[in-house]
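Here's the structure, in structure tokens; my notes come after.
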Amino acid sequence: MGETIEFPGEHIETRVPRRARPLWRDVLGDVLRDERLEQERILTEVARTAGVSPQYLSEVERGRKEASSEVLGAVADALGLELVDVVGRVAGRLALREIHGVPASGIAGMHRSDIAPSVAPGSGAPTNAYLLAA
């Protein structure tokens, strides 16, 4: 077949391998499933309330499907959450992985109490930092 052509000064064995990063859809699915289970609700009831099929919601929770913003909003509503809460939880879990090296297996199964936006002292306003509850 073809041959590999190296760029000047670059050797294949010296390149830094990219870390495997969790996919947004995988972490999103974990967040939605964790919330549903924390509420002790079954998938079919949440799917019915959101107006989606149970099969589709199951695939979203397992990270097999990318949910549209409309579907994500409907599922968030069905769970009693604001869309910004869902997005914040996903971002928090991704940040833990990126900043602190929490492995993907450590991210899965984390609950909202594990990741909470911090509040600036005396202001009551959220900061951009996230704290991991012990």
Side-chain angles (χ1 to χ4, degrees):
M1 205 151 202
E3 64 181 277
T4 303
I5 300 173
E6 293 183 30
F7 288 100
E10 179 181 358
H11 298 286
I12 293 174
E13 55 276 348
T14 61
R15 276 190 264 161
V16 177
R18 296 183 79 187
R19 289 187 304 162
R21 297 174 190 251
L23 296 175
W24 171 268
R25 69 175 184 245
D26 290 333
V27 179
L28 171 65
D30 291 341
V31 166
L32 295 176
R33 182 185 317 105
D34 290 347
E35 180 62 30
R36 179 178 58 78
L37 293 175
E38 188 172 303
Q39 293 180 15
E40 298 180 353
R41 295 172 66 190
I42 60 173
L43 188 128
T44 53
E45 188 271 325
V46 173
R48 184 179 60 248
T49 304
V52 299
S53 74
Q55 295 83 1
Y56 186 77
L57 181 55
S58 174
E59 289 187 347
V60 169
E61 284 188 355
R62 291 181 291 132
R64 305 277 195 250
K65 295 282 185 188
E66 295 273 359
S68 69
S69 58
E70 291 86 358
V71 168
L72 184 53
V75 173
D77 286 344
L79 292 169
L81 300 173
E82 295 295 326
L83 190 55
V84 70
D85 295 329
V86 174
V87 171
R89 291 180 192 183
V90 173
R93 290 184 188 196
L94 289 171
L96 281 174
R97 173 79 161 42
E98 189 68 26
I99 295 169
H100 301 290
V102 175
S105 61
I107 292 172
M110 294 180 90
H111 298 283
R112 75 174 148 211
S113 60
D114 297 327
I115 304 170
S118 63
V119 175
S123 72
T127 66
N128 289 332
Y130 284 84
L131 301 174
L132 177 62

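These numbers come from the heavy atoms of this one structure, side chains and all, not from hydrogens, waters or symmetry mates.
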Can K65 and V71 be said to form a side chain to side chain contact (heavy atoms under 4.5 Å, CB included), step by step?
CA-CA 11 Å; K65 295 282 185 188; V71 168; over 6 Å; no
Do V60 and V75 come close enough that some side-chain heavy atom pair is under 4.5 Å?
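No; the side chains remain at least 4.5 Å from each other.
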Heavy atoms only: give me the nearest L57-L43 pair and the separation to one decimal.
CD2-O, 3.8 Å
Can you give me the closest heavy-atom contact between A78 and V46, atom names plus distance?
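Of all heavy-atom pairs spanning A78 and V46, the closest is CB-O, 3.8 Å.
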What's the spacing between [X] [atom1] and [Y] [atom2] if we round to 0.5 Å?
{"X": "R89", "Y": "D34", "atom1": "CZ", "atom2": "CG", "answer": "9.0 Å"}
{"X": "D30", "Y": "R93", "atom1": "CG", "atom2": "CZ", "answer": "6.0 Å"}
{"X": "L37", "Y": "L32", "atom1": "CG", "atom2": "CG", "answer": "11.0 Å"}
{"X": "D26", "Y": "E61", "atom1": "CG", "atom2": "CD", "answer": "12.5 Å"}

Listed by chain and number, what are the side chain to side chain donor-acceptor pair (under 3.5 Å) partners of S68, not counting sequence neighbours?
E70
side-chain hydrogen bond (donor to acceptor under 3.5 Å, both in side chains) pairs touching residues 41-50, sequence neighbours excluded, are Q39-R41, R41-E45, E45-T49
Which residue pairs pass the side-chain hydrogen bond (donor to acceptor under 3.5 Å, both in side chains) test when at least one of the two sits in residues 71-87, sequence neighbours left out?
none
Set of residues satisfying side-chain contact (heavy atoms from CB on, under 4.5 Å) with respect to R25, sequence neighbours excluded:
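Only L23, E66 meet the side-chain contact (heavy atoms from CB on, under 4.5 Å) criterion with R25.
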Cluster link I42 to Y56, ILVMFWY, side chain under 4.5 Å
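No, because I42 and Y56 fall into different hydrophobic clusters, even though each may have its own neighbours under 4.5 Å.
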